[in-house]
Amino acid sequence: MNYWLMKSEPSTFSIDHLAAAKKSTSGWDGVRNFQARNFLREMKNGDLAFFYHSSCDVPGVAGIVKVVREGYPDPTAFDAKDDHYDPDSKRDNPRWYCVDVKLEKKFDEVVTLEELRKHEKGKLKNMIVLKRGNRLSVTPVTKSEFEFIASLATSI
DNA sequence: GCCAACGTTGGC
DNA sequence: GCCAACGTTGGC
């Protein structure tokens, strides 16, 4: 069982969108970065991930999702009308992958980036999302990082 | 295989 | 809206 962090811009797809989806489940599609794609393909059913809100008023971790369908070809890459269409991704040789995630827990309050930064020299000193210049939309998180941030959420 | 140009991300 | 950081593209 592994842990992850997945970014989304809430103006496009927020944790409330996921909560409102059928069975609180949605495909996590549109990832167009090779390193992030490789992490998507490593995910296993039952893995847990933080749902991170980026490029918004209060960036931070909004809750926890669970992987309920392992990596499969991203259908939006085949759809010429989709913003994420990629003509180089072929059905018989797909370039991009996605997973399905189900909402596990929405935090009462977002654990803000500002809050995470208070621990960037301590328990979160190896946290990838806090590293300078990091832009990866899908990153692995260690068990201890995961549990620590989850504990911050419940202590608010 | 190098690297300049370009586009995107994401915090501020 | 700015800009630093970084990934990707494409000419050579």
Side-chain angles (χ1 to χ4, degrees), chain A residues 2-21 26-43 47-65 67 71-101 103-142 144-146 148-153 155-156:
Chain A
N2 288 305
Y3 301 91
W4 309 91
L5 181 145
M6 303 165 87
K7 293 183 192 172
S8 180
E9 297 187 22
S11 59
T12 304
F13 188 77
S14 73
I15 197 163
D16 290 322
H17 289 115
L18 181 59
S26 172
W28 198 277
D29 55 28
V31 171
R32 295 294 178 269
N33 169 284
F34 289 103
Q35 214 178 336
R37 178 206 64 183
N38 293 343
F39 287 136
L40 285 176
R41 291 200 295 204
E42 286 180 33
M43 290 183 184
D47 280 3
L48 296 176
F50 288 131
F51 192 128
Y52 181 91
H53 284 172
S54 66
S55 294
C56 56
D57 285 349
V58 186
V61 176
I64 297 171
V65 300
V67 176
Y72 61 98
D74 183 343
T76 66
F78 306 130
D79 181 356
K81 295 190 294 292
D82 195 282
D83 287 344
H84 299 290
Y85 175 59
D86 181 356
D88 292 334
S89 185
K90 308 296 185 192
R91 287 182 188 275
D92 58 359
N93 185 20
R95 173 182 282 197
W96 305 114
Y97 282 73
C98 59
V99 298
D100 285 357
V101 297
L103 183 63
E104 185 78 3
K105 182 182 178 66
K106 180 188 168 182
F107 294 157
D108 293 335
E109 306 276 351
V110 171
V111 179
T112 63
L113 178 61
E114 184 184 19
E115 178 72 19
L116 298 178
R117 291 246 177 253
K118 291 177 185 168
H119 306 281
E120 69 180 328
K121 291 191 165 55
K123 295 200 164 168
L124 301 179
K125 67 174 182 293
N126 295 319
M127 188 94 185
I128 295 173
V129 80
L130 299 180
K131 303 261 185 198
R132 181 185 162 85
N134 171 71
R135 304 187 319 184
L136 259 186
S137 63
V138 180
T139 56
V141 171
T142 67
S144 62
E145 288 164 349
F146 191 90
F148 178 66
I149 292 171
S151 77
L152 291 178
S155 67
I156 288 173

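Order of the sequence lines fixes the chain letters, A, B, ..., with proteins taken first and strands second; residue numbering starts at 1 for each chain. In what follows, every heavy atom counts, from backbone to side chain, and hydrogens, waters and symmetry copies are set aside.
Residues meeting the ring pair (Phe, Tyr, Trp, His ring centres under 6.0 Å) test with F34(A), sequence neighbours left out: W96(A). With sequence neighbours left out, the side chain to side chain contact (heavy atoms under 4.5 Å, CB included) criterion links Y72(A) to R69(A), P75(A), C98(A), D100(A). Residues satisfying the salt bridge (charged side-chain N to carboxylate O under 4.0 Å, His left out) test with K106(A), not counting sequence neighbours, are D16(A). Scanning for side chain to side chain contact (heavy atoms under 4.5 Å, CB included) contacts around K123(A) gives F148(A), with sequence neighbours left out. When the side chain to side chain contact (heavy atoms under 4.5 Å, CB included) test is applied to D88(A), the partners found at least two apart in sequence or on another chain are D86(A), R95(A). For the side chain to side chain contact (heavy atoms under 4.5 Å, CB included) test, residues two or more places apart in sequence or in another chain that qualify with N33(A) are Q35(A), A36(A), L136(A).
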(request) For each nucleotide in nucleotides 5-12 of chain B, reading 5' to 3', give B when a protein heavy atom comes within less than 4.0 Å of its base, S when such contact involves only the sugar-phosphate, and - otherwise. (result) --BBBBSS
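Applying the side chain to side chain donor-acceptor pair (under 3.5 Å) rule to pairs touching residues 111-122 of chain A yields E115(A)-K118(A), R117(A)-E120(A), sequence neighbours excluded.
DNA chain C lies under 4.0 Å from at least one heavy atom of each of the following residues of residues 33-41 of chain A: N33(A), F34(A).
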